[in-house]
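Note sheet for the following structure.
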Amino acid sequence: MTEPTGPLLSEGDQIAQRRKKLEQIIALGHAPYPSKFDWNTTATEILNTYGSFSKEQLETTKIAVRLCGRLMTIRGHGKAAFAHLSDGAKRLQIYVRLDAVGEDNFKLFQLLDIGDLIGVEGYLFRTKTNELTVHVEKCTLLAKAFLPLPEKWHGLSDVEIRYRQRYLDLIVTPEVREAFVTRGRIIRFIRGFFDARGYIEVETPMMQPMAGGALARPFVTHHNALDIDLYLRIAPELYLKRLIVGGLNRVYEINRNFRNEGISTRHNPEFTMLEFYQAYSDYRDLMALTEELFRSLVQEVCGGLRVEYGDLEISFEKFDCLTMREAVVRFWKNPSNRPTLESLRVEAGVRSAANAHNQNAVAAGSALERVDERLSAGPLLGALFEAVAEKELIQPAFISEFPVELSPLSKRNVDNPAMVDRFELFIAGMEIANAFSELNDPLDQRDRFEQQLKQREGGNEEAHRMDEDYIRALSYGMPPTAGEGVGIDRLTMLLTNSKSIRDVILFPLMRPEKKGSDSSE
RNA sequence: GGGCCGCUAGCUCAAUUGGCAGAGCAACUGACUCUUAAUCAGUAGGUUGUAGGUUCGAUUCCUACGCGGCUCACCA
């Protein structure tokens, strides 16, 4: 026979077989790729509606159905066959027999493969084993699958293929579909939550002449007509606060941020953030709002306030509230050199704590992370917190009292200007949210930017840049405002019990697949 | 970027000290009109991630590279 052309053929014999079958189907007079199937129900709908109907009920009231989906299994018995049809969400069994569909249609059915998309019409009945099944009277090919699906029993377990070919993962792994359905519900719930509270959803630039609002390295791109470099945003923060200046007193945005950093189970270069800003409020107001948001969200999505996360059980019934200093003291491992709350108020105390911590770290081998004692007092406290406490914060905990050096956009604490009015929410050892009272003093903001510039000159590529227009905006007067960011991907991980961020991002960034070999073909 | 691990048929996995590369599912041929991991009989399917090296002989040992996973660093 003449060899069919095309790149697919080189991938294996099964593809050639399926192409041949399609030729035969066409020869039988069927359209290979019809544009429509006139369905009136789905597998999910049938199972929901008639799942409780008895055999007798279905016999007396013959329920006619037309549905379509993907063939997931076929069990042939000569002149009859059972198969399962998936609508994406659920599978419904179908029963095709020669005397019910007729000889021509049965020929078509015999040319179908697992993976094909088909439509069937018939009526519902229950089999001997009491499974709700469609007694098919006619089946139609809607699209042929040339590539075989992964094995029906073990499914697809190669994670690389799962991420690279997510479509395939979605076809054969029901939990994956579930996770992304949940992600959609989470985002929808959040929108409803803020809409109900008078917030306006806005969209601010993803491409910015200067990447600000966070401390991170940006991606660079170029606009040809203006001949300028642009940065993919690392945060929407400074734009959202410009809107507060403009009188949009409550705004939120759910959108992508891009950070040119490493990839891990908790980091994807593009990730989704919720940011919201509320005028005439401070960070304490947001703490209350955050608790309310999380409790109602978890209740809605998980049906209760306790969720399983790996080996952990997370309870959203109670949110802990600690200062950074308190957290360091509480989770300090070695009782013989544990610092006191008071000692961590002053630089000397922080330094001796850092020194003691590093001694503990040496004693503990590689189990404890060391801190860089060259840091100044504020960042050193932050480093101590990360090394000592962060991973221990399993149950929801607000951490407050951040050093000003770590927070160039936050308002100083009235009583202690070395600290800012800020909190972060930690759950399962992950930072989930970050909020603060926004710095609205343009002079202080300029000073903070200057400090950042010095760090940048010192080689810190993540330090913030000077944003003159942002200072100009603040100079028109910004009301006292509180703002918060919530990492949607990590939140989704928690609520879908996913241990990798890649399991909640449909198409996580992967190194491109290497092209098949050389130029000789 | 560092460390550790993995890569064998379309999929899921085997292969003894280095000695003919196998099974199940999927596919193909045949039987079978209530099966559900359908069953039964038979057939085909491989440059063992890539490139080198050691060896009479490499899936197995060594080196480099590629891709991925976990982990550490950085961050959210």
Side-chain angles (χ1 to χ4, degrees), chain A residues 8 11-18 20-21 55 72-84 91-101 106 113-115 125-131 133 135 145-164 168 172 213-217 234-235 257-275 366-367 369-370 372 383 386-387 390 424-426 430-434 460-462 484-491 493 499-502 508 510-518:
Chain A
L8 283 178
E11 289 183 33
D13 185 51
Q14 295 197 44
I15 293 146
Q17 286 294 347
R18 288 170 179 231
K20 205 167 95 187
K21 285 184 189 175
K55 194 172 190 132
M72 302 305 290
T73 60
I74 301 174
R75 297 174 291 283
H77 292 79
K79 298 188 179 64
F82 287 94
H84 273 106
R91 295 178 180 192
L92 182 66
Q93 183 167 258
I94 62 173
Y95 181 48
V96 183
R97 45 191 281 179
L98 175 60
D99 57 8
V101 300
F106 198 71
D113 287 291
I114 289 170
F125 77 111
R126 281 191 183 275
T127 61
K128 234 186 231 174
T129 54
N130 213 35
E131 179 164 347
T133 303
H135 202 291
F146 287 139
L147 291 168
L149 292 182
E151 201 225 8
K152 62 187 169 192
W153 194 239
H154 299 93
L156 187 62
S157 63
D158 182 327
V159 287
E160 179 173 352
I161 299 177
R162 290 189 43 221
Y163 297 145
R164 286 191 193 278
L168 190 57
V172 299
L215 307 178
R217 295 171 63 181
I234 56 174
N257 289 345
F258 307 87
R259 297 189 184 174
N260 207 337
E261 290 161 356
I263 296 176
S264 79
T265 47
R266 295 174 177 195
H267 299 85
N268 194 61
E270 55 176 316
F271 63 101
T272 301
M273 280 276 284
L274 157 71
E275 285 207 11
S366 58
E369 178 192 333
R370 301 191 56 172
D372 183 355
E386 281 175 26
E390 189 168 332
E424 288 187 345
L425 174 63
F426 289 86
M430 286 192 286
E431 184 188 336
I432 300 291
N434 175 23
N460 181 357
E461 284 185 70
E462 296 185 355
E484 177 165 340
V486 177
I488 296 297
D489 311 279
R490 288 182 179 176
L491 178 58
M493 286 168 68
K499 62 181 192 300
S500 170
I501 200 168
R502 290 184 169 133
M510 304 282 279
R511 199 180 290 274
E513 282 180 277
K514 209 167 70 176
K515 282 283 175 339
S517 69
D518 47 22

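By convention in this document, chain letters (A, B, ...) are assigned in the order of the sequence lines, proteins followed by strands, and residues within each chain are numbered from 1.
Contact annotation for A/T265: backbone-only contact, meaning every heavy-atom pair under 4.0 Å involves sugar-phosphate atoms and none involves a base. When heavy atoms are screened at a 4.0 angstrom cut-off, A/R91 is found touching no nucleic acid atom at all.
The nucleotide whose nearest atom lies closest to any side-chain atom of A/S157 is, among B/U35, B/A26, B/C13, B/C13. With B/A27, B/U33, B/C11 as the choices, the nucleotide that has an atom nearest any side-chain atom of A/Q17 turns out to be B/A27. Between B/C28, B/A38, B/C11, one nucleotide has an atom nearer to the side chain of A/L156 than all others, and that is B/C11. Looking at the side chain of A/M510, the nearest of the listed nucleotides B/G10, B/C11, B/G69 is B/G69.
The base of B/U35 lies close enough to the side chain of A/Q93 for a donor and an acceptor atom to sit less than 3.5 Å apart. Side chain A/E151 to base B/A26: no donor-acceptor pair is found below 3.5 Å.
We find the CZ-NE2 distance between A/R91 and A/H84 to be 8.0 Å, quoted to the nearest 0.5 Å.
Projected onto RNA chain B by closest heavy-atom contact, A/A216 and A/E160 fall at different nucleotides, the more 5' of which corresponds to A/E160.
Base pairing in RNA chain B gives the following stems of 3 or more Watson-Crick or G-U pairs, range against range and under 3.5 Å: B:1-7 with B:66-72, B:10-13 with B:22-25, B:27-31 with B:39-43, B:49-53 with B:61-65.
With sequence neighbours excluded, the residues forming a ring-ring contact (aromatic ring centres under 6.0 Å, His included) with A/F125 are A/Y95, A/H135, listed by chain and number.
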